[in-house]
Amino acid sequence: MGAPAHGSDLRTDRPERSRRALVAGSVGNFIEWYEFGVYGYFATVIAARFFTPEGGGEAEALVRTYASFALAFFFRPVGAALFGRLGDRVGRRPVLIMVIVLMTAATTLIGVLPTYDTVGALAPWLLTFLRVLQGLSAGGEFGGAVSVMTEFAPPGRRGLYGSWQSFTVALGLLGGAGVAALLATVLTEGQLGDWGWRLPFLLTLPMGLGALWLRLRLDETPSFESLREEPLPERPPGREVAKAIALGAGRVMGWAAAGYTFLVVLPSYLQSSLNATFQQALVATVLANLGFAATIIPAGLLSDRIGRRPVMLTGALLVTVLAVPLLNLLQNTGTSNAMKGGAVFVAGAVVGLMAGPGPAMLSEMFPTSVRYTGLGLAYALSNAVFSGCAGLIITETIKRTGSVDIPAYYAAVTCAVSALALLTLRKEPVRKGS
């Protein structure tokens, strides 16, 4: 952006404060994506318990479940704007504390909700309300967490520090998949449908309390403290901020769409379209998330050395080229299990090339005075449209067209557009207020 904000490029010279900020910023992301992963993995179970009135079909229930999923994502930009404005005015620390409390409460309450059989049509409305609260909290989480990580990062290490946000996303999704797989193994199908699905949501309570303790010990970032010393901090023009938000959303849309397609929507797709069992679908998802996790931090570290653009552009182009062939491997009944496992691992790995440098790239687009709001909105808008709607778009389109290649087309097209937006990214010197 053109007009730099007043502030300082100060970085803490106390490594323990940087490490503490890294952990405190990461833990909320873990919980957020653990829950969103669990919701995606149990989409078919939730559909049967909350969205299947008498006479309703399974496909219709699954579409309604993903509609609730998408609604939560569309409240992310609202949360990003609300909590981002607070975070840019009163500080990163107090707002991140508010966000983790809201996120923990909403997710835990899902675990005790009455189902459709108990309270009728009220059940999906209660679930949707809690999903909205989760969307608000998730919208406020990303901007604050990435601001804390990158503003505490030592010089030349923002790519590495920011990549931990994406890495904890992978850990959260893997944690959710692991819990789901464990429950699917030790419980019968009836037990899982009756009460077992509640346990992953209830586990959020102890995790949230631990995250709250970490954030209560968090210091305010040096950049924001320096900015607060200015009597009238300079803010860039609103039009310039809006342009940067739109461009940032375009740059990460492929990451958002392909990430959710390969890492979250995959289990339901494999079950509903390729007749895989619940356990097989979860194994495939775990492998995809392992591939995702494997490349995130190396990609962030590499971006500190050669720049954000070449690393992210490589990931976007690889998804564009490989999405259809990889999906065809899964569809082919003659493909060995080892080949299928390798396909989903590679699918996750190429998304990690975008996710690793992505947080730092967004952070560097905005000065301190509007960073929480700007990067949070760019990420939230992209996720609202291209992640939150992924399950709904893919499921409904397959239902209408009968084509099982839709997930690959969706990921490929969005990554192609994202690649075009990434071509505008240039390596720029670190500005004052960064």
Side-chain angles (χ1 to χ4, degrees), residues 10-36 76 79-80 82-84 86-108 134 136-154 157-175 203-228 293 296-297 300 355-356 358-360 362-363 368 371-373 375-376 379-380:
L10 292 175
R11 295 289 185 269
T12 176
D13 56 0
R14 296 171 57 190
E16 67 275 13
R17 293 180 68 202
S18 296
R19 288 193 294 268
R20 188 185 305 163
L22 202 60
V23 174
S26 300
V27 70
N29 292 303
F30 175 87
I31 294 173
E32 172 195 340
W33 289 92
Y34 162 85
E35 185 282 328
F36 273 89
R76 284 186 172 212
L82 173 64
F83 291 113
L86 283 173
D88 284 330
R89 289 181 177 272
V90 304
R92 288 48 167 135
R93 178 182 178 273
V95 178
L96 281 175
I97 290 171
M98 293 168 56
V99 164
I100 199 66
V101 170
L102 180 61
M103 182 187 303
T104 302
T107 304
T108 303
Q134 287 176 321
L136 290 172
S137 64
E141 172 66 31
F142 182 85
V146 173
S147 294
V148 164
M149 292 175 184
T150 56
E151 288 175 3
F152 268 110
R157 306 288 274 182
R158 280 187 298 211
L160 174 62
Y161 270 58
S163 68
W164 277 89
Q165 187 280 336
S166 298
F167 186 64
T168 50
V169 169
L171 292 181
L173 292 172
L174 281 168
L203 281 174
T204 304
L205 181 58
M207 290 191 290
L209 292 175
L212 177 61
W213 178 76
L214 288 168
R215 289 190 171 177
L216 287 171
R217 300 176 66 240
L218 180 66
D219 296 324
E220 190 54 79
T221 71
S223 295
F224 186 82
E225 287 288 0
S226 177
L227 184 70
R228 193 153 51 181
I296 289 171
I297 291 181
L362 287 176
S363 179
T368 304
R371 177 172 293 131
Y372 197 141
T373 305
L375 73 88
Y379 182 78

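When atom types are taken as modelled, the side chain of Arg93 and the backbone of Leu216 share a donor-acceptor pair closer than 3.5 angstrom. For Arg92 (side chain) and Gly87 (main-chain N/O), a donor-acceptor pair under 3.5 Å exists by modelled atom type. Between the Tyr372 side chain and the Gly140 main chain, a donor and an acceptor come within less than 3.5 Å of each other. Using a distance-only test at 3.5 Å, with no hydrogens or angles considered, no donor-acceptor pair links the side chain of Ser226 to the main chain of Pro222. Judged by distance alone, the side chain of Ser163 and the main-chain N or O of Leu160 form a donor-acceptor pair under 3.5 Å.
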message = side-chain hydrogen bond (donor to acceptor under 3.5 Å, both in side chains), that's the test. Do Glu151 and Thr221 meet it? Break it down for me.
response = CA-CA 6 Å; Glu151 288 175 3; Thr221 71; 2.6 Å; yes
inquiry  = Apply side chain to side chain contact (heavy atoms under 4.5 Å, CB included) to residues Leu362 and Val146 and explain how you reach the verdict.
reply    = CA-CA 9 Å; Leu362 287 176; Val146 173; 5.9 Å; no
ask   = So Leu203 and Tyr34, side chain to side chain contact (heavy atoms under 4.5 Å, CB included) or not? Walk me through it.
value = CA-CA 10 Å; Leu203 281 174; Tyr34 162 85; 3.8 Å; yes
task = Decide yes or no on side chain to side chain contact (heavy atoms under 4.5 Å, CB included) for Tyr161 and Leu22, but give the supporting numbers first.
result = CA-CA 7 Å; Tyr161 270 58; Leu22 202 60; 3.7 Å; yes
query = Could you walk me through whether Met207 and Phe30 pass the side chain to side chain contact (heavy atoms under 4.5 Å, CB included) check?
reply = CA-CA 9 Å; Met207 290 191 290; Phe30 175 87; 3.6 Å; yes
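In Trp33, the CH2 atom is crowded: over 12 heavy atoms of neighbouring residues, nucleotides or ligands sit closer than 6.0 Å.
Using a cutoff of 4.0 Å between basic side-chain nitrogens and carboxylate oxygens, Glu141 and Arg215 are scored as salt-bridged.
Classified by interplanar angle (parallel below 30°, tilted 30° to 60°, perpendicular above 60°), the ring pair Phe167/Trp164 is perpendicular.
Contact of the Tyr379 side chain with the Arg76 side chain is registered, since non-hydrogen atoms from C-beta on lie closer than 4.5 Å. By the 4.5 Å heavy-atom criterion applied to side chains, Leu209 and Thr104 are not counted as neighbours.
Val99 and Ser137 get closest at one heavy-atom pair: CG1-O, 3.2 Å.
Evaluation of the side chain to side chain contact (heavy atoms under 4.5 Å, CB included) rule for Pro94 yields Val90, Glu220 as partners, not counting sequence neighbours. Residues passing the side-chain hydrogen bond (donor to acceptor under 3.5 Å, both in side chains) test with Gln134, sequence neighbours excluded: Glu35, Thr107, Arg131.
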